[in-house]
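A short worksheet on the structure shown next.
Side-chain atoms are counted along with the backbone in the values below, which use heavy atoms only and exclude waters and symmetry mates. Sequence lines set the chain letters: A, B, ... in the order given, protein chains first and strands last, and positions in each chain run from 1.
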Number of protein chains: 2
Amino acid sequence: MKLSTKGRYGLKAMVDLAIHSQDKHIALRHIAERQDISEHYLEQLIAVLRKAGLVKSIRGAQGGYSLAVPPEEITVGDILRALEGSLAPVDCVSENVTTECAEWDCCVTRTVWKKIGDKINEVVDSITLQDLIKDYEKLNNDKEYMYYI
Amino acid sequence: MKLSTKGRYGLKAMVDLAIHSQDKHIALRHIAERQDISEHYLEQLIAVLRKAGLVKSIRGAQGGYSLAVPPEEITVGDILRALEGSLAPVDCVSENVTTECAEWDCCVTRTVWKKIGDKINEVVDSITLQDLIKDYEKLNNDKEYMYYI
DNA sequence: TTTAATTCCTACTTTTATAGTCGGCTTTTT
DNA sequence: AAAAAGCCGACTATAAAAGTAGGAATTAAA
């Protein structure tokens, strides 16, 4: 039940982007360096986020990325589901059920998976990028040591 | 963020065992057949459950397994954590933190993972095997078609 | 007392997903 | 023209999951 690096790196990158790209756009290289992620790998992740409509890009020299919509309109759920697919613990309770399970609607354990999946979505959909930016700024103002993303 | 077959098969097997082993003990072969799981593979899973103190075994001919404690004292969380390890979405918020993360206590995204992990544990710890047995029996009495585990 | 049924144990194998790496093309600014 | 970016597809290495295989130990029943 672990999140892959896609989700972990992706959320970090998005928070980094949200914090550093106010009005301007920033190069992937800078995000990769700050968050200590392979730039080439991050490239693949941000391509997914771009196709999901969460970030936009400007090509060419001095190009880079910025959020496609304001941070208060992007939830952690949007980011994680874009990168990880459904967050349901088993396929038969995914939003878009693709599985071929004969026991679909009459299976006792399925109710357990459903409850878990619902709660996960509830949590991640209740947190926006703006919330995380606020956390970051508040913590870095209050404390003497540095907070990470 | 998917549960592995360990957790899925394990929970199914435990519910099957809870339903069929009232007073008696039942052979793994029967559970494997009913739940359509490789017997040899299930053997490995139940070994973990036995070591976790959730089931007990009787060896030899006519031997088999039964619950080590009453079904109302076994939660889904007990079973899943035994088989899957911590249900935390990332290591740094596991119960027994083993990870070496320099940003441990000053990382914004960590709060997200913590909330997810807490909710997952909340759900699975609130459901006992007895609850699932009840679900199963109620559904099979009410409906004309058969419910699965 | 042998046989059959069962749990127990260790090691091996196959498949799949993850987590990258590599190299080159395209676009845009300087 | 050159440099700095993003864009794209293919390849690779590692690890984990999911299962197989084979046999030893234990016990009930014939």
**OP:** Provide, to the nearest angstrom, the distance between the CD atom belonging to B/Glu39 and the C1' atom belonging to D/dA18.
**Re:** 16 Å

**OP:** Provide, to the nearest angstrom, the distance between the NZ atom belonging to A/Lys2 and the C1' atom belonging to C/dA19.
**Re:** 17 Å

Original post:
Do the side-chain N or O atoms of A/Ser57 get closer than 4.0 angstrom to the phosphate oxygens (OP1, OP2) of D/dA5?
Top reply: no

**OP:** Check the distance between C/dT6's P and B/His40's NE2 and give it to me in whole angstrom.
**Re:** 15 Å

Original post:
Under 4.0 Å: is that the gap between some side-chain N or O of A/Tyr9 and OP1 or OP2 of C/dG20?
Top reply: yes

Original post:
Of all residues at least two apart in sequence or in a different chain, which pass the side-chain hydrogen bond (donor to acceptor under 3.5 Å, both in side chains) check with A/Tyr9?
Top reply: none

Grab the N/O contacts between the protein and nucleotides 24-30 of chain D below 3.5 Å, and write none if there aren't any.
residue: D/dA25; atom: N3; partner: B/Arg59; partner atom: NH2; Å: 3.2
residue: D/dT27; atom: O2; partner: B/Ala61; partner atom: N; Å: 3.1
residue: D/dA28; atom: O4'; partner: B/Ala61; partner atom: O; Å: 3.3

**OP:** Could you pull out all residues at least two apart from A/Lys114 that satisfy side-chain hydrogen bond (donor to acceptor under 3.5 Å, both in side chains)?
**Re:** A/Asp118

Distance-only donor-acceptor pairs under 3.5 Å for side chains of residues 37-55 of chain B, two or more places apart:
residue: B/Ser38; atom: OG; partner: B/His40; partner atom: N; Å: 3.4
residue: B/Ser38; atom: OG; partner: B/Tyr41; partner atom: N; Å: 3.1
residue: B/Tyr41; atom: OH; partner: B/Thr5; partner atom: OG1; Å: 3.1

Original post:
So which of residues 16-33 of chain B are in contact with DNA chain C, with a heavy-atom cut-off of under 4.0 Å?
Top reply: B/Ala27, B/Leu28, B/Arg29

Original post:
What pairs with A/Lys56 under salt bridge (Lys or Arg N to Asp or Glu O under 4.0 Å), at least two apart in sequence or on another chain?
Top reply: none

**OP:** For residues A/Lys2 and B/Ser94, report the shortest heavy-atom separation together with the two atoms involved.
**Re:** NZ-OG, 4.5 Å

**OP:** Enumerate the residues from residues 41-51 of chain B whose closest heavy atom to DNA chain D is under 4.0 Å, giving them by residue number; use none for an empty result.
**Re:** B/Tyr41, B/Gln44

Subject >> B/Glu122: salt bridge (Lys or Arg N to Asp or Glu O under 4.0 Å) partners, not counting sequence neighbours >> reply: B/Lys119

Subject >> Sequence-distant partners of A/Lys134, side-chain hydrogen bond (donor to acceptor under 3.5 Å, both in side chains), two or more places apart >> reply: none

Subject >> Closest-nucleotide ordering on DNA chain C, the 5'-leading residue of A/Lys6 and B/Gly63 >> reply: B/Gly63

**OP:** For A/Asp16, enumerate each residue passing the salt bridge (Lys or Arg N to Asp or Glu O under 4.0 Å) test, keeping only those at least two apart in sequence or located in another chain.
**Re:** A/Arg34

Subject >> Any A/Ser38 side-chain N or O less than 4.0 Å from OP1/OP2 of C/dT21 >> reply: yes

**OP:** Determine whether A/Leu129 and A/Met14 make a side-chain contact, defined as any pair of heavy atoms from C-beta on separated by less than 4.5 Å.
**Re:** yes

**OP:** Grab the CG-P distance between B/Leu3 and D/dA16 for me, whole Å please.
**Re:** 17 Å

For residues 62-80 of chain A, dump all side-chain donor-acceptor pairs below 3.5 Å to protein atoms at least two apart in sequence or in another chain.
residue: A/Thr75; atom: OG1; partner: A/Gly77; partner atom: N; Å: 3.3
residue: A/Thr75; atom: OG1; partner: A/Asp78; partner atom: N; Å: 3.0
residue: A/Thr75; atom: OG1; partner: A/Asp78; partner atom: OD1; Å: 3.4
residue: A/Thr75; atom: OG1; partner: A/Asp78; partner atom: OD2; Å: 3.2
residue: A/Asp78; atom: OD2; partner: A/Thr75; partner atom: N; Å: 3.0

Original post:
How would you list all residue pairs meeting salt bridge (Lys or Arg N to Asp or Glu O under 4.0 Å) that involve residues 124-133 of chain A, not counting sequence neighbours?
Top reply: A/Arg81-A/Asp125

Subject >> Euclidean distance, atom CD1 of residue A/Ile37 to atom P of C/dT21 [Å, nearest integer] >> reply: 12 Å

